[in-house]
A.B. asks: 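Shown below is the structure under consideration.
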Amino acid sequence: NLTSTASSTNETCLTCCDGTATVSVSGSTPNNPISYSWSNGATTQAVSGLCPGAYTVTATDTLNGCTTTSTVNIGAYSCPMISGNITQGDDVMVYLITESAGVLTAVDSVVSDSGGYYYFMNACPGTYYVKAALLPTHSMYTMFVPTYYVNSSLWGSATAVLVSGNTTGIDINLLTGTNTGGPGFIGGAVAQGANRAEGDPIVDVQVVLLDANDEVAAFTRTDANGEYTFDNLSYGAYSVFVEMINFDAYPFMVNVNADNEEVQDRDFVVEAGAIKPVTPLGVGSLSDFVLDIYPNPATDVLTVTGAVDMV
C-alpha cells in the first residue's frame, strides 16, 4: 500500500509567507517514479514560500496508478508580547506607541487589570514607547501625571522599548506633582501656527510644569479655548512644556517671585514639527543686563554671556 507523511515549518515573521512543506512516500514499487500534486499547484516533493494555511498533497505511483494524500498546516507567525505593571493598580489606560522612521504612532491600548498588570499580545519586533495614564474614574486621577516608560512626562525624554522577543518588566510608576503651594500663577494658550488653521486653539493637550530640578510640579490640559492655567504655585523657576507626540517641545522659562507672582500670556504655537513659545526661548523681556560677546570678530561661533532677568 502506498502511504505518505508530510511535514512542515511555520512562517518565521509577520506576513513573510516563508513556510515550507515536504512529503515522504513509502510502499511504492522500487524504482517506480512518484509524481506530486499540491493544492497550491506545486508538483515537487518539497515546496517553500508558503503562506499560513492548509495544504494538501497527492502522491501518485506513475506506473501502477496508486495514490496517497497528506495534509499539512502552515502556522502564522505570532508576534512577541510586551507586559508590565503599573504601580497605581487598575483603572489605568496603557498606550502602545510604535516608532518607524522617526514617526510615532499609537497602535494599541489596554486597561490594567486588578493587580496593575497589562499585556500587549502582538508587538512585532521593532521600537516602541509605552505610556500610562489614570482613567477619569480613578480616585487619584488629578494627582498623577500621564507618564512614559521609564519615568518621563514628555515623549522626547522617554525610554524606547526595543522588542525582538517577549518583553516583560516594562513597569511604570506614574509621576506626581511636587508643588508645595503658594501665591504664584502661570497661564497661557496653545494655538496652531502657519500653514494650518492659524490661530485655532489646540484643545485637550497636556501641559506640564517642571520645577528648577526638572521634576514635575503640576500638569493640566488645555480647555476648549486652548488655554491652560497653573495656580497656587510656590515661588521659583519653572519650565512650561506642551506634550504632543511627533512635535519637538520647547519650554517657556518662567520665574515666579514676589515681584512677579502672576505670569500671563505664556502662549505656544504649533508649527513645522515643533511646539514653541510665542516669544523665542520663553524670554518675555530683558532688563538690567550686561552682555559679553566673544570672539570679536567671529568666524564660526559667537558666544554671548551675561546676567538676564526673565519675566
A.B. asks: Starting from Val207, can I reach Ile186 by hopping between I/L/V/M/F/W/Y residues whose side chains sit under 4.5 Å apart?
C.D. replies: yes
A.B. asks: Do Ser157 and Ser152 have a side chain donor and acceptor closer than 3.5 Å?
C.D. replies: yes
A.B. asks: How about Ser234 and Asn179: do any of their side-chain heavy atoms sit closer than 4.5 Å?
C.D. replies: yes
A.B. asks: So, Glu227 side chain and Ala189 main chain: donor-acceptor pair closer than 3.5 Å or not?
C.D. replies: no
A.B. asks: Would you say the side chain of Leu104 lies within less than 4.5 Å of the side chain of Tyr129, judging by non-hydrogen atoms?
C.D. replies: yes
A.B. asks: Is there a side-chain contact between Asn64 and Asn32 (heavy atoms, below 4.5 Å)?
C.D. replies: yes
A.B. asks: Quick check on the hydrophobic clustering: are Phe219 and Leu233 connected, directly or via other members, by side-chain heavy-atom contacts under 4.5 Å?
C.D. replies: no
A.B. asks: Could you tell me whether the side chain of Thr98 and the main chain of Tyr128 form a donor-acceptor pair under 3.5 Å?
C.D. replies: no
A.B. asks: With side chains defined as the heavy atoms from C-beta onward, is the minimum distance between Pro146 and Tyr95 less than 4.5 Å?
C.D. replies: no
A.B. asks: Walk me through whether Thr56 and Thr71 qualify under side chain to side chain donor-acceptor pair (under 3.5 Å).
C.D. replies: CA-CA 4 Å; Thr56 299; Thr71 299; 3.2 Å; yes
A.B. asks: Knowing that exactly one of Ser70, Ser28, Ser24 qualifies, which makes a side-chain hydrogen bond (donor to acceptor under 3.5 Å, both in side chains) with Ser4?
C.D. replies: Ser70
A.B. asks: Taking atom CD of Glu271 and atom CD of Gln192, what is their separation to the nearest 0.5 Å?
C.D. replies: 9.5 Å
A.B. asks: Which heavy atom of Val240 sits nearest a heavy atom of Phe230, and at what distance?
C.D. replies: CG1-CE1, 4.4 Å
A.B. asks: Can a side-chain donor-acceptor contact be found between Ser26 and Thr3 if the only test is distance below 3.5 angstrom?
C.D. replies: yes
A.B. asks: Using 0.5 Å steps for rounding, measure from the CG atom of Asp108 to the CD1 atom of Ile82.
C.D. replies: 9.5 Å
A.B. asks: Could you check if a side-chain atom of Phe120 sits within less than 4.5 angstrom of a side-chain atom of Ser83, using non-hydrogen atoms only?
C.D. replies: no
A.B. asks: Contact between Val161 and Tyr149 at the side-chain level, heavy atoms closer than 4.5 Å - yes or no?
C.D. replies: yes
A.B. asks: Under 3.5 Å, side chain of Thr222 to main-chain N/O of Asp204, donor-acceptor pair present?
C.D. replies: yes
A.B. asks: If you round to the nearest 0.5 Å, how far is CG of Leu63 from CD1 of Ile34?
C.D. replies: 8.5 Å
A.B. asks: Are any side-chain N or O atoms of Asn260 and backbone N or O atoms of Asn255, one a donor and one an acceptor, separated by less than 3.5 Å?
C.D. replies: yes
A.B. asks: Report yes or no: does Asp61 contribute a side-chain atom to a donor-acceptor pair with the main-chain N or O of Gly65 at less than 3.5 Å?
C.D. replies: no
A.B. asks: Please name the pair of heavy atoms, one in Val145 and one in Leu174, separated by the smallest distance, quoted to 0.1 Å.
C.D. replies: O-CD2, 3.8 Å
A.B. asks: Is Val94 close to Ile86 at the side-chain level, that is, under 4.5 Å between some pair of heavy atoms?
C.D. replies: yes
A.B. asks: Which pair of heavy atoms, one from Glu11 and one from Ala76, lies closest together, and at what distance?
C.D. replies: OE1-CA, 3.6 Å
A.B. asks: Could you walk me through whether Tyr228 and Gln206 satisfy the side chain to side chain donor-acceptor pair (under 3.5 Å) test, starting with their C-alpha distance in whole Å, then the side-chain angles of each, then the deciding distance to 0.1 Å, before giving a yes or no?
C.D. replies: CA-CA 9 Å; Tyr228 70 91; Gln206 181 174 304; over 6 Å; no
A.B. asks: Identify the residue among Ile275, Val269, Val242, Val190 that makes a side-chain contact (heavy atoms from CB on, under 4.5 Å) with Ile202.
C.D. replies: Val190
A.B. asks: State, with a plain yes or no, whether a side-chain heavy atom of Tyr148 is found less than 4.5 Å away from one of Ile97.
C.D. replies: yes
A.B. asks: Does the separation of the ring centres of Phe252 and Phe268 fall below 6.0 angstrom?
C.D. replies: yes
A.B. asks: Pick from Val92, Val111, Asp90: which one makes a side-chain contact (heavy atoms from CB on, under 4.5 Å) with Leu135?
C.D. replies: Val111
A.B. asks: Can you name the nearest heavy-atom pair linking Ser8 to Ile74, along with the distance?
C.D. replies: CB-CD1, 3.6 Å
A.B. asks: Show the nearest heavy-atom pair for residues Ser39 and Ala54, with the distance to one decimal.
C.D. replies: OG-O, 4.4 Å
A.B. asks: Quick one about Thr20 and Thr9 (side-chain donor to acceptor, distance below 3.5 Å, no hydrogens or angles considered), yes or no?
C.D. replies: yes
A.B. asks: For Asn213, is the CG atom crowded, meaning more than 12 foreign heavy atoms sit under 6.0 Å from it?
C.D. replies: yes
A.B. asks: For the CZ atom on Phe185, are there more than 12 heavy atoms of other groups (residues, nucleotides or ligands in this structure) within a distance under 6.0 Å?
C.D. replies: yes
A.B. asks: Working to the nearest 0.5 Å, report the span between OG of Ser112 and OH of Tyr118.
C.D. replies: 10.0 Å
A.B. asks: Would you say the side-chain atoms of Thr68 pair up with the backbone N or O of Cys66, donor to acceptor, closer than 3.5 Å?
C.D. replies: no
A.B. asks: Where do Gly115 and Asn85 come nearest, in terms of heavy atoms and distance?
C.D. replies: O-ND2, 2.9 Å
A.B. asks: Mind checking the CG-CG spacing from Asp18 to Asn10? Nearest 0.5 Å is all I need.
C.D. replies: 9.5 Å
A.B. asks: I'd like to know if the side chain of Asp267 and the backbone of Val278 have a donor-acceptor N/O pair within less than 3.5 Å.
C.D. replies: no
A.B. asks: Output the distance between atom CG (Asn246) and atom OG1 (Thr105), rounded to the nearest 0.5 Å.
C.D. replies: 6.5 Å
A.B. asks: For the backbone of Val216 and the side chain of Thr178, can you confirm whether one donor and one acceptor N or O come within less than 3.5 Å of each other?
C.D. replies: yes
A.B. asks: Could you tell me whether a side-chain N or O of Trp38 sits under 3.5 Å from a main-chain N or O of Thr44, the two making a donor and an acceptor?
C.D. replies: yes
